[in-house]
Trainee: 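Have a look at the structure that comes next, please.
Computed from a predicted structure; not experimentally measured.
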Amino acid sequence: EKTGKRKKYIDVEQIRRTVQLLSRKAIASNRIVLIDDADRLNEQASNALLKTREGPSAGTRFFLITSREDRIATTIRSRCARLSFSPVQQQPVDELLKSLPDAERRVLVALSGGRIGLALLWLQEPEKREQALQIVAEYRSLFFEPFYKKRMIIDAYFGDKTDAIAARNVLDEMLSMWQRVTSLMQEEKTITLSQSVSLIDQMTQVRVLLHEQIHPRLAVEQLLLSIP
């Protein structure tokens, strides 16, 4: 993009430009199209991509990369062959982040969930790393506080966002981090095993509800009632 900024979504114009490139005569007999974060395809872009898939050029292969398969349109997923990659073990992530302070590294290793690319991002961009650690600190501060204080802490995640889909995505990523921190807190004996299991299950339910016809604030506030 000319601005150097990443769009929130992959829009129809980006797909159309890709189609135009594919229509040109190629030197090689095989061509590959990589769509990273394919879950960011909006509805119009998904429809445009479907039209391309109905009659692809010989030798053209599309690779859709995502960690959130459920957010890709079913009509697209049904036309794809699924290839899964498992997260790496903690040791390589821990080794990657060895230059960081021990306490910070331990939290980030747990938070990464084996996503070494995410760990590399935190290492290369301190601002992103601080944002992740801030989410952890805010989540920990919710425990053993009255409900009104918990609401005040999470208000920043809602703000005055007018883009409902973007707001839901932010909350979904936040809840994903909360789930990993919950497991870490159970290992630290800050909360019990039963509390950890219950909270993680409820967070999973809220993440599903976020992408259905339910107000995200209501879903998250219901979860807050379950945090001791």
Trainee: Which residue pairs pass the salt bridge (charged side-chain N to carboxylate O under 4.0 Å, His left out) test when at least one of the two sits in residues 186-195, sequence neighbours left out?
Mentor: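 Matches after skipping sequence neighbours: Arg106-Glu188, Arg140-Glu188.
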Trainee: Return yes if some donor-acceptor pair links the side-chain N/O of Gln179 with the main-chain N/O of Ile200 below 3.5 Å, else return no.
Mentor: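 Between the backbone of Ile200 and the side chain of Gln179 there is a qualifying donor-acceptor contact (under 3.5 Å).
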Trainee: How about Thr204 and Arg207: does a side-chain donor come under 3.5 Å of a side-chain acceptor?
Mentor: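 No, no side-chain donor-acceptor pair sits under 3.5 Å.
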Trainee: Quick check for you: to the nearest 0.5 Å, what is the distance between Met203 atom CE and Met174 atom CE?
Mentor: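 Here the interatomic distance stands at 8.0 Å.
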Trainee: Same cluster or not: are Leu171 and Met152 linked, directly or through other Ile, Leu, Val, Met, Phe, Trp or Tyr residues, by side-chain heavy atoms under 4.5 angstrom apart?
Mentor: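 No, because Leu171 and Met152 fall into different hydrophobic clusters, even though each may have its own neighbours under 4.5 Å.
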Trainee: Without hydrogens or angle criteria, can the side chains of Thr75 and Arg79 be said to hold a donor-acceptor pair below 3.5 Å?
Mentor: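 Distance-only check fails for Thr75 and Arg79.
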Trainee: In terms of hydrophobic clustering (I, L, V, M, F, W, Y; side-chain heavy atoms under 4.5 Å; direct or indirect links), are Ile35 and Leu50 co-clustered?
Mentor: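 Same hydrophobic cluster.
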Trainee: Within the distance-only criterion (no hydrogens, no angle test), does the side chain of Ser196 pair as donor or acceptor with the backbone N or O of Thr192 below 3.5 angstrom?
Mentor: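 Between the backbone of Thr192 and the side chain of Ser196 there is no qualifying donor-acceptor contact (under 3.5 Å).
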Trainee: Can you tell me how far the CZ atom of Arg151 sits from the CD atom of Glu221, to the nearest 0.5 Å?
Mentor: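 Arg151 CZ to Glu221 CD: 4.0 Å, rounded to 0.5 Å.
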Trainee: Quick check: closest heavy atoms across Gly113 and Arg180, and the distance to 0.1 Å?
Mentor: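 Of all heavy-atom pairs spanning Gly113 and Arg180, the closest is CA-NE, 3.2 Å.
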Trainee: Under the criterion side-chain hydrogen bond (donor to acceptor under 3.5 Å, both in side chains), I'd like the reasoning laid out for Glu138 against Gln134: C-alpha separation, chi angles, the key distance, then a yes or no.
Mentor: CA-CA 6 Å; Glu138 289 173 347; Gln134 180 66 24; 3.0 Å; yes
Trainee: Does Phe62 reach the side chain of Leu49, with side-chain heavy atoms less than 4.5 Å apart?
Mentor: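 In short, these two side chains touch, coming nearer than 4.5 Å.
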Trainee: Please tell me if the side chains of Leu41 and Ile15 come closer than 4.5 Å, counting only heavy atoms from C-beta onward.
Mentor: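 Yes, their side chains come closer than 4.5 Å.
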Trainee: Would a distance-only check, ignoring hydrogens and angles, find a side-chain to backbone donor-acceptor pair under 3.5 Å from Gln14 to Asp11?
Mentor: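 Judged by distance alone, yes, a pair lies under 3.5 Å.
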Trainee: Donor-acceptor check, side chain of Thr182 to backbone of Trp178, threshold 3.5 angstrom: yes or no?
Mentor: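 Flag set: sc Thr182 to bb Trp178 pair under 3.5 Å.
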Trainee: Among Val107, Leu111, Val109, find the residue that satisfies the side chain to side chain contact (heavy atoms under 4.5 Å, CB included) test when tested with Leu184.
Mentor: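 When Val107, Leu111, Val109 are each tested with Leu184, the side chain to side chain contact (heavy atoms under 4.5 Å, CB included) holds only for Val107.
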Trainee: Membership question, hydrophobic clusters at under 4.5 Å side-chain separation (ILVMFWY): are Val181 and Leu193 in the same one?
Mentor: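 Leu193 and Val181: separate clusters.
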Trainee: Quick one: closest heavy-atom pair of Asp94 and Arg105, and the distance?
Mentor: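 Scanning both residues completely, I find the closest heavy atoms to be OD1-NE, 2.9 Å.
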Trainee: Heavy-atom distance under 4.5 Å between the side chains of Glu173 and Ile135, does that happen here?
Mentor: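 No, side chains not in contact.
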Trainee: Starting from Phe143, can I reach Val197 by hopping between I/L/V/M/F/W/Y residues whose side chains sit under 4.5 Å apart?
Mentor: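 As far as the 4.5 Å side-chain criterion goes, Phe143 and Val197 are not connected within one cluster.
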Trainee: Flag the pair Ile153 / Lys150 as yes when at least one side-chain heavy-atom distance between them is below 4.5 Å, and no otherwise.
Mentor: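 Ile153 vs Lys150: side chains apart.
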Trainee: Assess the side chains of Gln91 and Glu95: does a donor N or O sit below 3.5 Å from an acceptor N or O?
Mentor: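 No, no side-chain donor-acceptor pair sits under 3.5 Å.
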Trainee: Under a 4.5 Å side-chain heavy-atom rule over Ile, Leu, Val, Met, Phe, Trp and Tyr, are Val12 and Ile10 clustered together?
Mentor: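 No; tracing contacts between hydrophobic side chains, which count when under 4.5 Å, never links both residues.
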Trainee: Evaluate the side-chain proximity of Leu123 to Ser99: yes if any heavy-atom separation is below 4.5 Å, no if none is.
Mentor: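 Counting from C-beta outward, Ser99 and Leu123 do come under 4.5 Å.
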Trainee: Rounded to the nearest 0.5 Å, how far apart are CG of Asp39 and CG of Asp36?
Mentor: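 Those atoms lie 9.0 Å apart.
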Trainee: Which value, rounded to the nearest 0.5 Å, describes the distance between Ser176 atom OG and Arg115 atom CZ?
Mentor: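 Atom-to-atom, Ser176:OG and Arg115:CZ are 5.0 Å apart.
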Trainee: Within the side chain of Arg16, is there an N or O that forms a donor-acceptor pair under 3.5 Å with the backbone of Ala48?
Mentor: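 Flag not set: sc Arg16 to bb Ala48 has no pair under 3.5 Å.
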Trainee: Got a second to check how far Arg71's CZ is from Ser46's OG, nearest 0.5 Å?
Mentor: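 Separation between the atoms: 13.5 Å.
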Trainee: Tell me, do Leu133 and Glu104 make a side-chain contact under 4.5 Å, heavy atoms counted?
Mentor: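 Yes, at least one pair of side-chain atoms sits under 4.5 Å.
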Trainee: Measure the shortest side-chain to side-chain distance between Ile227 and Leu224 over non-hydrogen atoms and say whether it is less than 4.5 angstrom.
Mentor: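 In contact.
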Trainee: May I ask you to test the Gln195-Gln186 pair for a side-chain heavy-atom distance under 4.5 Å?
Mentor: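 A side-chain contact is absent here, since even the closest heavy-atom pair is not under 4.5 Å.
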Trainee: Can you give me the closest heavy-atom contact between Pro92 and Gln89, atom names plus distance?
Mentor: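 Closest approach of Pro92 to Gln89: CD-O, 3.0 Å.
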Trainee: If I take atom CG from residue Leu100 and atom CG from residue Leu108, how far apart are they, to the nearest 0.5 angstrom?
Mentor: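 Between Leu100 CG and Leu108 CG, I get 6.5 Å after rounding to 0.5 Å.
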Trainee: Using a 6.0 Å cut-off, check whether atom CD of Gln131 has over 12 heavy atoms from anything other than its own residue.
Mentor: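 Yes, enclosed.
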Trainee: For Leu64 versus Ala38, what's the shortest heavy-atom pair and its separation?
Mentor: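 Nearest heavy atoms, Leu64 then Ala38: CB-CB, 3.7 Å.
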Trainee: Return the minimal non-hydrogen interatomic distance between Val93 and Gly114, and the atom names on each side.
Mentor: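 Heavy-atom minimum between the residues: CG2-CA, 4.4 Å.
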